Amino acid sequence: MERLIEILEDIQPGVDYENSQDLIDGHKLSSLSIISLIAELEEEYDITIPAVEIIPDNFNSAQRIMKMIERLQEEY
Amino acid sequence: MQLSTLLLGGGGKSLTSLFSLVYLFVFLPGCIIVYTALPKKCKKYFLLLASYAFFWLISSSLIIYLILTTFSAHYFGIWLDRIGTQMRSHLAELPKEERKAAKAVCVSKQRRVLALAVILHIGLLLVLKYSPFFTTNINTLLSKLGVSVQLEVPAAIMPIGISFFTLQAVSYVIDVCRGVVKAEDDLFKLALFISFFPAIIEGPICRYGQTADQLWDCDKIQYKNLTFGIQRILWGMLKKVVVADRLNNFVTTIFDTDKDYSYGGAIIAIAAVLYTVQLYMDFSGSMDAVIGTAEIFGITMPENFRMPFFSRTISEFWQRWHISLGAWFKDYIFYPVTTSKKMKKLTSSARKKLGSHYGPLIAGAVALFCVWFCNGLWHGSAWSFIFFGMYHFVLILTGNILEPLVQAVNKKLHINSGWFVYRLLQIIRTGVLVIIGELFFRARGLKAGMMLFGRIFTDQRFEEVNEKVFDKLRLDTYDLIIVGITLLIVFTVSILNERGVCIRESLAKRHIALRWAVLYGLILFIIVFGAYGGTYAPVDPMYAQF
């Protein structure tokens with residue numbers, strides 16, 4: 001989780017990623033940040049994030065992003 | 001005589017307007033009565049039959065394209081689902097380290113089938129909607145190159161609503177491929193999702209997961225749904241008949257009938273503003289009628305507008321205007337392009353060199369270009385529509401490029417972007433940019449659009465903005481007062497809705513006398529202040545042609 005928070009802060013600083021639960025719904029992560037985030041996550045965690053996974057439910061908090069990563073890792 | 005013209009709004013001869021007499025007083029009540037009389041198990045089949053009857057009445061033999069689209073989406077859905085099921089059972093048998101390679105093989109097969117489905121569906125749309133445009137342009141190119149051969153320009157054969165039901169069918173097939181929804185075995189259920197009669201002319205573009213089950217789980221009509229649905233239709237009628245139709249003479253004269261463009265820039269600028277208001281009132285009013293009709297049958301349709309003129313940026317505007325189309329482009333074009341292998345590689349390397357903002361902007365710009373090219377073309381087969389798309393692409397891209405600079409300037413000048421005045425200026429700027437876009441959208445071709453836009457700056461003729469000219473353009477002071485009051489009512493209700501106040505829910509809790517008084521008041525307002533009869537000409541449903 002620490003590494004994920006680091007990636008998020010590197011992409012878009014100034015957001016409380018530990019506690020925020022509305023990263024997408026609250027417009028805290030822009031669509032450009034999401035494009036960066038996906039590229040970084042795929043590299044870091046050796047996963048493939050298809051377009052279908054880009055929904056608020058998967059990106060609204062760091063915890064949810066982590067959950068998605070774990071699920072995608074499990075799929076292989 | 002005049003009242004009958006109101007009831008025949010939208011031409012009245014056909015069902016293409018959900019505000020026409022034949023729809024409101026014959027088709028819809030007929031559907032409600034038969035639907036209520038039928039046993040539960042037959043209701044869904046009746047809705048399907050009613051939807052096909054509706055489409056046949058507005059498109060006659062062109063219904064074949066709806067049937068073909070439905071059969072094709074059904075077949076491809078099942079095919080893709082089978083590949084997915086086989087893949088999952090095959091992967092489950094393999095050791096973990098072999099799954100990735102095996103999955104890639106299956107996904108590749110699925111993608112080939114999906115590509116075939118998309119090519120067939122979008123190809124049919126392209127052939128029917130754009131072949132005259134493409135042929136005309138090829139002929140122009142050939143003559144410019146000095147080639148004497150000219151292709152025969154095919155006649156436009158376009159079933160009403162094809163752009164809407166094609167996108168719905170394509171979204172269903174993609175969603176099945178992605179595993180978002182399961183393929184539908186029941187052809188009739190899928191057919192009802194694609195053809196549901198209120199939404200087939202102008203949308204909203206629904207996803208299978210949003211409405212298919214609701215449509216198929218037909219239940220008896222509830223009193224609350226019936227009254228809420230009627231109220232919503234009347235609300236839409238208020239927007240359409242009182243405002244959109246009242247502005248029609250002025251707008252049509254400036255953009256269509258005044259062939260020599262004899263008016264000055266000031267009147268053209270006013271016409272651009274009024275056309276934008278008219279388009280919003282017509283389209284959002286039609287959406288009220290669609291959502292209201294669906295509500296009567298207990299179906300919740302997605303909203304297509306959320307106070308677009310309160311947007312601070314063009315990007316935000318398109319998240320609030322024609323929401324279902326924007327969401328379609330985002331889910332099926334923007335993200336697939338930006339998350340393609342090449343783009344992801346590009347984003348990773350560009351981010352290291354250009355930083356977190358400009359790095360992903362390259363992939364974002366490519367995807368944005370694809371989205372806005374398709375958006376422009378979707379609206380019509382003419383260069384002015386492609387220009388309309390490119391105009392918004394440039395505006396959104398420029399906004400993204402300048403964002404760090406604006407933030408830096410704001411910081412330096414101690415400007416708080418949350419300040420009311422700052423926000424207001426952003427809203428006004430966005431509104432002006434939208435109106436300029438709509439001017440090109442409405443003009444008779446790109447050349448005419450350029451000419452009209454240029455005249456706003458070169459030949460204003462402010463002296464033309466007087467009562468006499470407005471009277472000549474059939475928009476007198478009385479019309480302006482009615483439009484102003486109605487817009488104020490619509491604006492107030494929109495603000496309350498935005499703040500989570502549901503006026504219909506609050507009204508439902510009041511005494512029955514008050515409820516009916518409000519309903520009758522609304523009907524009376526439409527009858528008294530609606531623009532019908534005399535010299536008024538109702539607007540044809542604007543988005544039906546797309």
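Letters go in sequence order (proteins before strands), and every chain restarts at 1. Not measured: the values here are computed from a predicted model.
The distance from atom CD1 of A/I35 to atom CD1 of B/I362, rounded to the nearest 0.5 Å, is 11.0 Å. Atom OG in A/S31 sits 6.5 Å away from atom CG in B/N400 (nearest 0.5 Å). To the nearest 0.5 Å, the span separating OH on B/Y335 from CD1 on A/I55 amounts to 11.5 Å.
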Going by atom type alone, with no hydrogens or angles, which donor-acceptor pairs under 3.5 Å involve a side-chain atom of residues 37-44 of chain A and a protein atom two or more places apart or on another chain?
from	atom 1	to	atom 2	distance (Å)
A/E40	OE2	B/R351	NE	3.3
A/E42	OE1	B/K344	NZ	2.9
A/E42	OE2	A/I49	N	2.6
A/E42	OE2	B/K344	NZ	2.4
A/E43	OE2	B/S348	OG	3.2
A/E44	OE1	A/R3	NE	3.4
A/E44	OE1	A/R3	NH2	3.4
A/E44	OE2	A/R3	NE	3.3

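For B/R429, the CZ atom sits in a packed shell: over 12 heavy atoms of surrounding residues, nucleotides or ligands are nearer than 6.0 Å.
At a 4.5 Å heavy-atom cutoff, the contact between B/Q319 and chain A is made by side-chain atoms alone. At a 4.5 Å heavy-atom cutoff, the contact between B/F334 and chain A is made by side-chain atoms alone. Contact annotation for B/L91: neither backbone nor side-chain heavy atoms come within less than 4.5 Å of a heavy atom of chain A.
Of the listed residues (B/S315, B/P360, B/S356), the greatest number of heavy-atom pairs within a distance under 4.5 Å of chain A belongs to B/P360.
At a heavy-atom separation below 4.5 angstrom, chain B is approached by no residue within residues 56-69 of chain A.
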